[in-house]
Amino acid sequence: MAQLTYRNAVARGIAQEMRRDERVVLIGEDVAGAGGVFKTTEGLLDEFGPRRVVDTPISEQAILGAAMGAAMTGLRPVAEIMFADFFAVCWDIVANQIAKTRYMTNGQVTVPLVIKSGNGGSLRFGAQHSQSVENWAMAVPGLKVVTPATPRDVVGLMAAAVRSDDPVLFFEHKGLYAMKSEVPDGEIVDELGKAVIRRAGTDATILSLGLTVGRALDAAAQLASSGIEAEVIDVRSLVPLDIRTILASLNKTGRLFTVEENPRLLGWGAEIASIVADEGFWDLDGPVQRITTPYIPLPAADSLEDLVIPSADLVAATVTKALRS
Amino acid sequence: MAQLTYRNAVARGIAQEMRRDERVVLIGEDVAGAGGVFKTTEGLLDEFGPRRVVDTPISEQAILGAAMGAAMTGLRPVAEIMFADFFAVCWDIVANQIAKTRYMTNGQVTVPLVIKSGNGGSLRFGAQHSQSVENWAMAVPGLKVVTPATPRDVVGLMAAAVRSDDPVLFFEHKGLYAMKSEVPDGEIVDELGKAVIRRAGTDATILSLGLTVGRALDAAAQLASSGIEAEVIDVRSLVPLDIRTILASLNKTGRLFTVEENPRLLGWGAEIASIVADEGFWDLDGPVQRITTPYIPLPAADSLEDLVIPSADLVAATVTKALRS
Amino acid sequence: MRYPLSEHDYGAHPAVLPPDDPTRHDGDAVPLPVRLDLYRKMQEMRLFEKRAYDLFMRQLVKGTSHLSLGMEAIAAGFGAALRADDLTFATYRGHAHTLARGVPMTPVLAELLGRSNGLMGGKGGSMHLTSVEHGVLGSYAIIGAHLTIANGAAWSAQYRGSGQVTVCFFGDGTTNIGAFHEALNYAAVFQLPVVFVCENNLYMEYTPIADITAVPRPAADRSSAYGLDPVAIDGNDADEVYLTATTAVQRARAGGGPSLIEAVTYRHGGHSRADPGKYRPADEVEAWKRYDPITVYRGRLQRLGIDQASMDRIDKEVAAEVDRATEEAIAGDLPSPATALTELWADGGSSWHN
Amino acid sequence: MRYPLSEHDYGAHPAVLPPDDPTRHDGDAVPLPVRLDLYRKMQEMRLFEKRAYDLFMRQLVKGTSHLSLGMEAIAAGFGAALRADDLTFATYRGHAHTLARGVPMTPVLAELLGRSNGLMGGKGGSMHLTSVEHGVLGSYAIIGAHLTIANGAAWSAQYRGSGQVTVCFFGDGTTNIGAFHEALNYAAVFQLPVVFVCENNLYMEYTPIADITAVPRPAADRSSAYGLDPVAIDGNDADEVYLTATTAVQRARAGGGPSLIEAVTYRHGGHSRADPGKYRPADEVEAWKRYDPITVYRGRLQRLGIDQASMDRIDKEVAAEVDRATEEAIAGDLPSPATALTELWADGGSSWHN
Ligand SMILES: Cc1ncc(C[n+]2csc(CCOP(=O)(O)OP(=O)(O)O)c2C)c(N)n1
Ligand SMILES: Cc1ncc(C[n+]2csc(CCOP(=O)(O)OP(=O)(O)O)c2C)c(N)n1
Ligand SMILES: [Mg+2]
Ligand SMILES: [Mg+2]
């Protein structure tokens with residue numbers, strides 16, 4: 001058991017899979033020589049050589065197209081899109097090609113690839129380098145979507161993603177790269193589509209993802225001190241979605257809150273809220289409430305950015321108000 | 001008062017605004033000489049000349065970039081993206097540039113432009129030419145999003161879009177282009193952000209958009225014959241969203257249904273369902289239900305496509321079952 | 001500033017005419033069996049697409065479809081130059097390219113008709129023909145993407161040491177989209193075994209390519225931007241195509257890297273079924289219809305001593321094949337409703353939750 | 001297939017060296033007042049960015065920032081060639097280009113510090129500097145897009161008959177993205193009054209441009225793909241830049257259409273603040289630091305008879321200006337919390353519902 005940073009866990013997860021399977025290759029801008037601009041692929045060039053770890057031009061469409069074509073023909077590529085905001089320059093390859101080709105060809109073509117990307121805010125990078133865009137991917141049928149919240153989960157979910165025969169969008173949270181915690185030794189492989197209850201509780205269910213997991217846990221600690229026992233769920237995987245864990249928790253607590261980093265409209269919590277308003281309706285003791293970044297691009301200034309991304313205080317206050325009213 | 005097709009209404013709306021305002025210009029692939037591949041811009045080259053109505057290369061990023069730069073500097077461009085699926089090839093310009101620039105510059109820059117696009121299925125064009133992607137746009141702060149369901153609304157909403165100082169994504173439904181109905185003579189200008197009650201009712205609220213408006217109305221007619229009076233709302237504008245009309249209707253009926261053409265996950269109805277599960281919670285007499293295209297790309301075969309896009313029958317059956325249970 | 005439609009009325013641009021000597025390649029070193037095969041293949045494409053058009057008019061083919069009538073020499077010439085396990089990527093205008101690889105007519109036609117015996121069970125349609133078994137790695141309907149995907153297949157072939165070459169077809173209009181540029185640079189940087197084939201039929205949809213392109217030859221005049229040799233050929237002469245293809249494919253297979261080939265051709269009909277193609281100067285259309293690749297080739301075979309009767313026999317065999325395919329396709333069942341929800345995921349289903 | 005890192009170790013690629021004769025442009029026809037202005041401007045950029053770096057180290061500048069230390073001659077040379085109402089588009093590496101248009105230092109620095117007196121009230125940050133009042137139509141942080149947006153500004157200027165010229169700066173790495181290609185073709189087709197300036201500093205982020213580009217000169221070797229003349233200049237010589245800029249801008253203004261200029265230069269530091277720039281051969285870094293545009297220019301002015309004292313005076317004035325801006329920026333308030341929710345829409349707010 002070693003302490004590992006979230007960023008080093010990315011490289012460890014990829015290395016674990018590259019050792020196991022020669023078909024796994026890595027491409028992206030500055031992923032090889034430089035070890036990634038976020039240092040998430042450090043050491044991989046040294047261990048696996050320039051044939052398996054490849055630096056590319058600034059050509060996101062070409063990168064993902066190459067990954068797709070290779071996946072269609074026997075490789076299992078991991079491709080990096082440096083900042084998740086840049087999915088917008090290659091969205092056609094993701095949403096129209098990678099996501100749809102298996103279906104359109106009635107299963108003739110399999111596209112086993114992983115697209116890893118630095119997602120999310122809190123680093124004062126401004127509106128074009130801070131977005132949380134898991135919800136973009138969730139809206140497109142044919143993409144699996146995961147966001148690990150801990151170094152251990154980075155390894156386990158990366159392994160699951162690489163082993164998946166379907167395309168997986170792997171959203172690393174830039175604000176968590178420096179996070180360090182225990183990661184068990186040996187091979188770690190998770191299953192896609194499983195949420196994890198990070199803290200058990202009886203009074204309210206709080207759903208969280210990526211950066212907001214820690215904030216939800218902090219909020220739950222605050223709430224506990226005022227007598228509210230919140231259950232905090234780390235959703236981990238948006239597609240497939242672990243509805244059962246969520247509905248079971250709601251059944252116990254009667255109240256649902258989502259803590260989303262994405263801006264309000266059609267954030268991932270909207271889908272879950274709509275599911276719960278249908279399938280969990282009779283379990284609900286009160287309104288479903290979503291705590292999200294407001295409907296704005298992210299401002300660059302630290303003071304403003306801190307204001308708008310949901311904080312533990314905001315979560316605690318929202319839950320308290322809802323449960324006390 | 002003349003009968004006008006939806007497709008001709010597009011040209012009429014644009015012409016109305018081009019006559020009024022010299023700053024309004026139109027660009028896109030085959031929009032000038034050919035009058036548009038869907039014939040939505042027929043006659044505009046003849047009336048306004050090659051300086052104001054411009055055919056472009058197949059370069060969607062260049063088209064929208066040109067529209068944006070022109071909008072920043074005094075013009076009011078209307079740009080066409082032929083099929084809404086192609087937003088994926090220029091999503092960076094839409095989501096990262098057009099949507100964010102005013103905010104990032106703290107209001108220094110205004111981006112008054114309209115992007116018109118043929119959206120939606122039912123024409124057997126297959127997975128890459130049939131998507132309903134209003135939800136992609138709704139998720140990005142900074143874009144106004146409208147979808148007219150009638151020829152009259154095409155004119156009124158186009159005028160509103162052109163006159164808006166904010167960027168507007170104008171989703172024309174390809175399946176409605178041939179629809180013909182009465183359009184009043186003279187200038188028509190709507191307001192963005194207003195839903196319309198297309199049929200009043202007391203037992204259930206059905207939200208619809210674009211192609212699904214007609215289907216919801218057909219369903220309501222079926223329901224009426226079995227004693228259920230459904231209120232059908234044409235949402236028209238996703239951003240801004242007319243929550244008041246929706247909540248007022250729910251307050252009357254106690255039940256909410258959405259009829260969405262987009263695939264299930266994070267369709268526009270998810271946001272509305274989540275709003276209603278919060279702000280309308282105490283008005284709800286039962287679960288909120290979303291009727292959507294399943295979570296799949298659209299199949300090409302007519303028999304399959306007809307199965308998966310929500311039909312009037314499916315809507316009627318869903319509402320009946322929900323209200324009778 | 002320049003507005004093309006200020007310089008000429010719509011449809012009144014200068015005509016671009018075909019070569020005038022169809023005998024130029026009579027003496028080329030193409031073996032006769034290959035030539036007979038090229039002829040047969042072109043007829044297959046021609047008669048198949050004519051039938052598809054008829055079925056369209058009879059409303060049996062729904063949606064849209066894009067024919068390459070008049071452009072057959074390119075798909076045929078490349079098809080003949082490939083190894084069975086080579087990989088091809090086509091566009092929405094991909095019927096010919098699919099047949100060129102040996103995919104039988106019935107499943108292709110059945111796919112156009114949306115039947116369960118279609119190549120993709122009706123889920124893909126005319127614009128997305130794919131037959132992995134024949135190395136047809138798909139037809140792509142959004143301009144540009146498949147050039148980048150072709151690179152991936154080429155990379156994989158190289159990585160796996162399979163010796164496969166990838167060929168990617170696309171149109172003149174496609175040379176102006178971003179993905180073209182990214183794909184070409186990427187292929188050149190990594191020296192991928194891929195051949196890019198620009199089928200320059202002089203028009204994007206309804207706009208002459210010259211009006212919206214900065215250079216006269218949309219592909220060949222861009223080659224040097226990727227360190228590649230400029231290659232522009234007569235796309236209506238199957239021998240010129242075949243020989244060019246053979247050279248480029250061999251080069252790629254031998255590790256010589258990518259090529260970009262511009263094959264100039266013309267479509268006889270409109271862009272898609274709805275289009276009468278009125279935006280083209282009449283003399284241009286006429287000249288190109290005269291310079292029909294099948295006419296050119298039939299003339300050549302005749303000059304090389306093949307008698308009319310043998311060629312007629314081929315035509316008849318192909319016509320019979322098309323008839324049979326038509327019957328089989330029409331006889332196909334509609335896809336079972338359940339298939340609408342299958343094959344999104346590798347597990348065969350489309351579930352998004354537990 | 002070719003893998004650049006099989007051919008050389010990371011950071012061990014062949015060095016690209018600067019020109020060795022800094023006197024070449026001594027005799028150019030650049031008026032002395034312009035030259036003195038160029039010198040002052042370069043010093044402003046230099047000292048401003050050095051200060052920004054210090055403030056970064058003092059953790060007053062948050063997030064990231066990208067300096068163009070060593071690249072000042074380009075922004076300065078173009079700045080001097082422009083009319084006050086001309087329009088410029090820059091990248092995340094845009095401090096110099098913003099100052100070049102006459103934007104005062106205080107709001108720029110305050111923006112880096114996230115203060116309410118920042119150019120955009122703290123909402124944009126270092127990567128998005130914009131001052132419409134000065135014709136600075138923005139700094140864009142996602143590679144490629146702004147080339148297409150610059151076209152729009154050029155189109156609008158032409159349409160409105162304003163006579164404005166648009167200049168768009170970008171890096172060598174940017175020439176490999178799709179939007180570059182679309183923008184260049186579009187500008188050439190419509191003959192827009194726009195000047196594209198590729199600041200070739202030999203590296204994208206941490207990868208040498210030669211490793212991932214199909215041609216040696218990433219911009220100039222692509223010009224012919226757009227029917228443009230190849231232009232590659234010494235980007236560290238402010239006079240060469242100024243004269244080239246003047247010609248291109250005049251041409252655009254006179255209706256002569258777009259240009260693409262590759263200005264070769266070097267950044268003294270890393271790509272962004274976090275980067276020590278270790279992937280560059282030591283001799284290359286050393287040679288370029290010696291061929292510093294300010295050193296080159298100071299040498300020239302001296303040879304042209306300007307005494308050290310006058311230049312020192314300029315340096316001092318600029319240093320004082322930077323000090324003042326620093327004080328004013330640091331004294332700025334934090335943005336009022338309410339501003340986080342303003343200016344999404346033209347009505348000043350960010351509401352999405354009634
Ligand atoms: C990104 C994108 N933009 C626009 C279209 C619509 N479209 C389909 S075919 C076509 C013309 C393509 O022209 P070309 O590349 O010359 O091929 P051709 O049809 O002539 O074979 C266009 C514009 C598309 N499919 N994808
Ligand atoms: C579409 C996109 N891909 C990647 C990046 C990340 N990125 C930022 S700067 C940069 C290098 C750009 O190189 P170049 O164009 O040479 O400009 P320079 O930084 O050298 O001035 C990269 C890859 C980005 N901002 N946008
Ligand atoms: Mg064409
Ligand atoms: Mg650079």
Side-chain angles (χ1 to χ4, degrees), chain A residues 61 85-97 99-101 103-104 126-128 131 133 135-136 138-142 238-239 241 256 258 262-282 284 286-290 293-297 299-300, chain B residues 61 85-97 99-101 103-104 126-128 131 133 135-136 138-142 238-239 241 256 258 262-282 284 286-290 293-297 299-300:
Chain A
Q61 295 185 79
D85 313 69
F86 308 164
F87 273 116
V89 302
C90 50
W91 198 235
D92 179 52
I93 312 289
V94 179
N96 289 331
Q97 314 300 338
K100 294 184 173 42
T101 293
Y103 183 86
M104 293 195 302
Q128 293 188 335
Q131 293 171 86
V133 303
N135 57 336
W136 297 9
M138 188 178 182
V140 178
L238 293 174
V239 183
L241 186 64
L256 188 84
T258 64
N262 46 232
R264 162 77 200 212
L265 292 187
L266 294 182
W268 56 265
E271 183 61 42
I272 298 182
S274 80
I275 295 167
V276 161
D278 182 357
E279 298 181 41
F281 185 75
W282 304 110
L284 282 168
V288 175
Q289 280 188 276
R290 295 174 53 211
T293 293
Y295 177 75
I296 46 163
Chain B
Q61 295 184 79
D85 313 69
F86 309 163
F87 272 116
V89 302
C90 50
W91 198 236
D92 179 53
I93 313 290
V94 179
N96 289 332
Q97 315 300 337
K100 295 185 172 40
T101 294
Y103 182 85
M104 290 195 302
Q128 292 188 336
Q131 292 170 88
V133 304
N135 56 336
W136 296 8
M138 188 178 181
V140 178
L238 293 175
V239 182
L241 186 64
L256 188 85
T258 64
N262 45 234
R264 163 78 200 212
L265 292 188
L266 294 182
W268 56 264
E271 182 61 41
I272 298 182
S274 81
I275 295 167
V276 162
D278 182 357
E279 298 181 43
F281 184 76
W282 304 110
L284 282 169
V288 175
Q289 280 188 274
R290 296 174 53 209
T293 295
Y295 178 75
I296 47 164

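Per chain, numbering begins at 1; letters A, B, ... match sequence-line order.
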List the atom pairs, with distances to 0.1 Å, where a side-chain N or O of residues 273-281 of chain A and a protein N or O form a donor-acceptor pair under 3.5 Å, not counting sequence neighbours.
residue : atom : partner : partner atom : Å
S274(A) : OG   : E271(A) : O            : 2.8
S274(A) : OG   : R264(B) : NH2          : 3.4
S274(A) : OG   : R290(B) : NH1          : 2.9

Heavy-atom distance under 4.5 Å to chain B: side chain of M104(A), backbone, both or neither?
-> side chain
Pairs of heavy atoms under 4.5 Å with chain A: top-ranked of P263(B), P299(B), A300(B) = P299(B)
How many angstroms lie between CG in L265(B) and CG in L241(A), if you round to the nearest 0.5 Å?
-> 7.5 Å
Rounded to the nearest 0.5 Å, the CE atom of M138(A) sits from the CG atom of N135(B) at a distance of 11.5 Å
Contacting region of L284(B) [heavy-atom separation from chain A under 4.5 Å] = both
For the atom pair CH2 (W136(B)) and CH2 (W91(A)), what is the distance rounded to the nearest 0.5 Å?
-> 7.5 Å
Would you confirm whether N96(A), through its side chain, and A88(B), through its main-chain N or O, come within 3.5 Å as a donor-acceptor pair?
-> no
Would you mind telling me which of L266(B), I272(B), L238(B), L256(B) has the largest number of heavy-atom pairs within less than 4.5 Å of chain A?
-> L266(B)
Tell me, please, which residues at least two apart from F86(B) pass ring pair (Phe, Tyr, Trp, His ring centres under 6.0 Å).
-> F83(B), H129(B)
Is there a donor-acceptor pair closer than 3.5 Å between any side-chain N or O of Y295(A) and the backbone N or O of G142(B)?
-> yes
Counting heavy-atom pairs under 4.5 Å with chain A, the top scorer among G126(B), C90(B), G267(B), A95(B) is G267(B)
Please flag which part of V140(A) lies under 4.5 Å from any non-hydrogen atom of chain B: side chain, backbone, both or neither.
-> both
P287(B) versus W282(A), closest heavy-atom pair with distance = CD-CZ2, 3.7 Å
